[in-house]
Amino acid sequence: MLEINDLRNLCNDKSIAITNHARKRLTERNITIENIKTAVSAGEVIEQYENSKPFPGCLVLGKTEQNKYMHIVASIESSYLYIITAYYPDENEWESDLKTRKEKQL
């Protein structure tokens, strides 16, 4: 299980690794590494993805320096914090707390 303090300890320019998928999505969404570092520094883990491959991951909810809520999917391997993706939560998919997924309507 990933802990927020472990993520925070690796959330620096020397330890962050951005996947190719994340690099593309961050560019599309105008999300910077500084946004991610700020969000992780004061964020919280809201979901665990223990069966993710190649490493267990988690979903972090945090705020950017512009005070916007952000979700970051990350994992840790060795001494690196891997950023899988990051996005601004969609109100249609998340409850008002931005921690709970809305049930899908059939």
Side-chain angles (χ1 to χ4, degrees):
M1 181 148 69
L2 296 174
E3 301 291 336
I4 193 65
N5 285 334
D6 296 331
L7 300 174
R8 288 179 184 144
N9 289 336
L10 293 171
C11 197
N12 61 67
D13 292 333
K14 294 180 181 178
S15 300
I16 292 178
I18 309 292
T19 66
N20 289 333
H21 170 80
R23 192 169 309 284
K24 181 177 179 183
R25 295 295 178 252
L26 297 179
T27 300
E28 290 172 355
R29 297 169 180 151
N30 295 314
I31 296 172
T32 66
I33 298 303
E34 289 305 313
N35 293 144
I36 290 171
K37 290 192 309 191
T38 301
V40 170
S41 72
E44 64 180 299
V45 174
I46 60 171
E47 290 183 357
Q48 294 282 345
Y49 307 133
E50 295 175 5
N51 296 321
S52 290
K53 302 290 182 203
F55 315 111
C58 65
L59 179 63
V60 174
L61 171 63
K63 281 187 181 180
T64 67
E65 56 273 6
Q66 294 84 17
N67 213 30
K68 289 183 74 174
Y69 283 100
M70 176 182 290
H71 282 167
I72 301 119
V73 179
S75 66
I76 293 176
E77 193 277 321
S78 186
S79 58
Y80 290 95
L81 172 63
Y82 282 88
I83 304 302
I84 310 304
T85 195
Y87 57 91
Y88 299 107
D90 184 334
E91 295 172 359
N92 295 319
E93 296 177 21
W94 295 89
E95 298 292 344
S96 61
D97 65 0
L98 301 176
K99 298 177 188 180
T100 308
R101 293 179 190 268
K102 288 185 177 179
E103 291 193 29
K104 298 211 184 232
Q105 302 295 321
L106 297 179

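FYI, side chains are in, hydrogens and waters are out, and symmetry mates aren't considered; it's all heavy atoms of this structure. Because the structure is a prediction, the values reported are computed rather than measured.
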Exercise. State which residues pass side chain to side chain contact (heavy atoms under 4.5 Å, CB included) with Glu28; sequence neighbours excluded, sorted by chain then number.
Key: Lys24, Arg25
Exercise. Show your reasoning for whether side-chain contact (heavy atoms from CB on, under 4.5 Å) applies to Tyr87 and Met70.
Key: CA-CA 6 Å; Tyr87 57 91; Met70 176 182 290; over 6 Å; no
Exercise. Check whether Tyr49 and Leu98 end up in the same hydrophobic cluster, where Ile, Leu, Val, Met, Phe, Trp and Tyr are linked by side-chain heavy atoms less than 4.5 Å apart.
Key: yes
Practice problem: Treating Ile, Leu, Val, Met, Phe, Trp and Tyr as nodes and any side-chain heavy-atom pair under 4.5 angstrom as an edge, say whether Val73 and Val40 lie in one connected cluster. | Solution: no
Quiz prompt | Any residue meeting side chain to side chain contact (heavy atoms under 4.5 Å, CB included) with Leu2, in chain and number order, not counting sequence neighbours | solution = Gln48, Cys58, Ile76
Quiz item: Is any side-chain heavy atom of Asp13 closer than 4.5 Å to a side-chain heavy atom of Lys37?
Solution: yes
Quiz prompt | Contacts of type side chain to side chain contact (heavy atoms under 4.5 Å, CB included), residue Asp90, not counting sequence neighbours | solution = Asn92, Glu93
Quiz prompt | Considering all heavy atoms, the nearest Gly57-Ser75 contact | solution = CA-CB, 4.0 Å
Quiz prompt | Beyond-backbone contact of Ile72 with Leu7, side-chain heavy atoms, under 4.5 angstrom | solution = no
Exercise. Show the numbers, then the answer: is there a side-chain contact (heavy atoms from CB on, under 4.5 Å) between Thr38 and Gln66?
Key: CA-CA 10 Å; Thr38 301; Gln66 294 84 17; over 6 Å; no
Quiz item: Under the side chain to side chain contact (heavy atoms under 4.5 Å, CB included) test, which residues partner Glu95, sequence neighbours left out?
Solution: Asp97, Thr100, Lys102
Quiz prompt | Any side-chain donor near an acceptor of the partner, Glu34 and Thr32, under 3.5 Å | solution = no
Quiz item: Partners of Ser52 by side chain to side chain donor-acceptor pair (under 3.5 Å), sequence neighbours excluded?
Solution: none
Quiz item: So Val60 and Glu44, side-chain contact (heavy atoms from CB on, under 4.5 Å) or not? Walk me through it.
Solution: CA-CA 5 Å; Val60 174; Glu44 64 180 299; over 6 Å; no
Quiz item: Between Val45 and Tyr69, is there a shared hydrophobic cluster once you connect ILVMFWY residues whose side-chain heavy atoms come closer than 4.5 Å?
Solution: no
Table please: side-chain donor-acceptor pairs of residues 77-86 below 3.5 Å, with sequence neighbours left out.
from, atom 1, to, atom 2, distance (Å)
Thr85, OG1, Arg29, NH1, 3.2

Self-check item: Atom pair CG/CG of Leu10 and Asn12 - distance to nearest 0.5 Å
Solution: 7.0 Å
Quiz prompt | Polar side chain donor-acceptor pair, Arg8 to Asn5, under 3.5 angstrom | solution = yes
Quiz item: With a 4.5 Å limit on heavy-atom distance, are the side chains of Ile33 and Ile18 in contact?
Solution: yes
Practice problem: Calculate, to the nearest 0.5 Å, the distance between atoms CH2 and CD1 belonging to Trp94 and Ile46 respectively. | Solution: 4.5 Å
